[in-house]
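What follows is one structure encoded as structure tokens, with my remarks underneath.
Ligands are counted one by one from 1 in listed order, and the atoms in each one are counted from 1 as well. What's counted below: heavy atoms across the whole structure, side chains too, no hydrogens, waters or symmetry copies.
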Amino acid sequence: MAWNEQLYRDIMDGLQVDKEFITEAAGAFRWDLEQGLQGSEHSSLAMLPSYIGLPTGKETGEYLTLDFGGSNVRASLIRLSGNGKFAVSRQVRKSLVSEEYNLICAEATCEKLFDFLAQVIGEAIEGNQAQTYYLGHTFSFGSKQEDINTARLIKWAKEFAVPGVEGQDINALLTAALNRAGLDNVKPVAIINDTVAVLLATAYSYPDTRIGSIYATGHNTCYMEPMPDVGRPPCVLNMESGGFSKLVPTKWDIELDEASEQPGRQRLEKMVSGRYMGMLYSQLIRELFNLSTTPELSAADMSAIMGDEAEAARIVISLLGYTNSEIVEKLRELAKAITIRSARLVAATWAGTLWHLSGQGKIEPQHIAVDGSVYQLMPHVQENVRRALYEILGDEAGGIEPVLVKDGSSVGAAIAAAVASNGQ
Ligand code: GLC
């Protein structure tokens, strides 16, 4: 199979984002954020109000949560005890895609999808219809909220394509499905984006946290805006930063975008998130070897290739039918280049957000809440995020502490349910 060495060098060059590039990216991100705050059509950031602020840390009680935003859904029972303490007493996790069914593709139906969610919730409470449960729902797609419990899906992302859901009130769909399942005792009271959930969960124990980010299958960031609008109280804004479109893409980013479910949308997400890094890697391998079909390598495969030479050789054999150490090394370097570019671009968006929060002053020391498999598991990500923050922010990066949040989506949803149900 023909290996195209010149193309390899061009790709490796194209994937470099140097200090100047990421510093400009951070500036452009801040500009878009501030334009978006003023409602300018020139911003590529949605800046969606979440109708919730940061927790006090005193929220307590037991809540039911639903985490829906990727190919797995989770329903959990979470007990909040205050002072940053919580316990997950029960958790049910199910895949929306299996050999027998696919509930997220264009052929799926809205009703089947929500009936399935209701079923997972039913399992989490073991069918108990006697007790009232307040449910916090982490729904990880860009939605326009009208209040803490009403969110209309704007557009699917992450290659979800179920018809009949865009434009709908998601918790109304869920409530209808719960009613069909006889679970009228489950009361959805809050719906939040996963970035918001992660921010709430972290701020519950680290009150200096202002930014929450998901770095996983998808990518997005939210932050606590002290002045969202004249007359509005401070509020967490979901930026839908995966939609940031002010970076110059490479020819290969453009090809990937054109082949995706929603061309033209989620341009940053398609350069940095796990779902798309795997697609980009696969597409580049096809071009480099002039293969007739595109292999289906995921970000997890990229991690394996980067992390372990023997595993890399095994994957190369499965792709090409043979292996040699030079090819293995080059494919490892390619995976690394895609991953490092991703980490540096994500860091640039965080730096732009920190600049906005600091105004003209110094950046306050603070935690940044991060959740997601890419941040947690992919080799090279965490150290390159940190390095890029230093390149952009200099010494001020020393006060910035990204923290990896576990169960952030569920704990954040429980906090939102606590805040929302106290008022009932
Ligand atoms: C996609 C969604 C966004 C979500 C992110 C991470 O970008 O549009 O709402 O936060 O994925 O799950």
Self-check item: For F114, ring-ring contact (aromatic ring centres under 6.0 Å, His included) partners two or more places apart
Solution: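 F114 satisfies ring-ring contact (aromatic ring centres under 6.0 Å, His included) with no residue once adjacent residues are dropped.
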
Quiz item: Would one find more than 12 heavy atoms of other residues, nucleotides or ligands at under 6.0 Å from atom CD of E296?
Solution: no

Quiz item: Got more than 12 heavy atoms from elsewhere within 6.0 Å of CG, N128?
Solution: yes

Quiz prompt | Between Q283 and E255: side-chain donor-acceptor atoms closer than 3.5 Å | solution = yes

Quiz item: Looking at K362 and D395, does any basic side-chain N land under 4.0 Å from a carboxylate oxygen?
Solution: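 Salt bridge flag = no for D395 with K362.
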
Quiz prompt | K158/E261 salt bridge by N-O under 4.0 Å criterion | solution = no

Residue-ligand contact [X]/ligand 1, heavy atom below 4.0 Å:
X: G242; value: no
X: G142; value: yes
X: Q266; value: yes

Specify the protein heavy atom at minimum distance from [atom]: its residue, its atom name, and the distance to 0.1 Å.
atom: atom 1 (C) of ligand 1; value: E269 OE2, 3.1 Å
atom: atom 6 (C) of ligand 1; value: D194 OD2, 3.3 Å
atom: atom 5 (C) of ligand 1; value: N220 CB, 3.7 Å
atom: atom 2 (C) of ligand 1; value: S140 O, 3.4 Å

Quiz item: Against heavy atoms of A157, which atoms of ligand 1 measure under 4.0 Å?
Solution: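 Counting from 1, the qualifying ligand atoms are 8 (O).
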
Exercise. Just jot down the ligand 1 atoms closer than 4.0 angstrom to any heavy atom of I214, in number order.
Key: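 Counting from 1, the qualifying ligand atoms are 6 (C), 12 (O).
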
Exercise. Please confirm whether the backbone N or O of W355 pairs with a side-chain atom of S358, one donor and one acceptor, at under 3.5 Å?
Key: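 Yes: the side chain of S358 pairs with the backbone of W355.
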
Self-check item: Among K158, E240, R275, closest by any non-hydrogen atom to atom 11 (O) of ligand 1
Solution: K158

Which pairs would a plain distance check flag for residues 381-391, meaning a side-chain donor or acceptor within less than 3.5 Å of a matching protein atom at least two apart in sequence or in another chain?
residue	atom	partner	partner atom	Å
Q382	NE2	Y375	O	2.8
N384	OD1	R387	NH1	3.3
N384	ND2	H380	O	2.7
R386	NH2	I400	O	2.4
E391	OE1	R344	NH1	3.4
E391	OE1	R344	NH2	2.7
E391	OE2	R344	NH1	3.1

Self-check item: Contact partition for N193 relative to ligand 1, non-hydrogen atoms under 4.0 Å
Solution: side chain

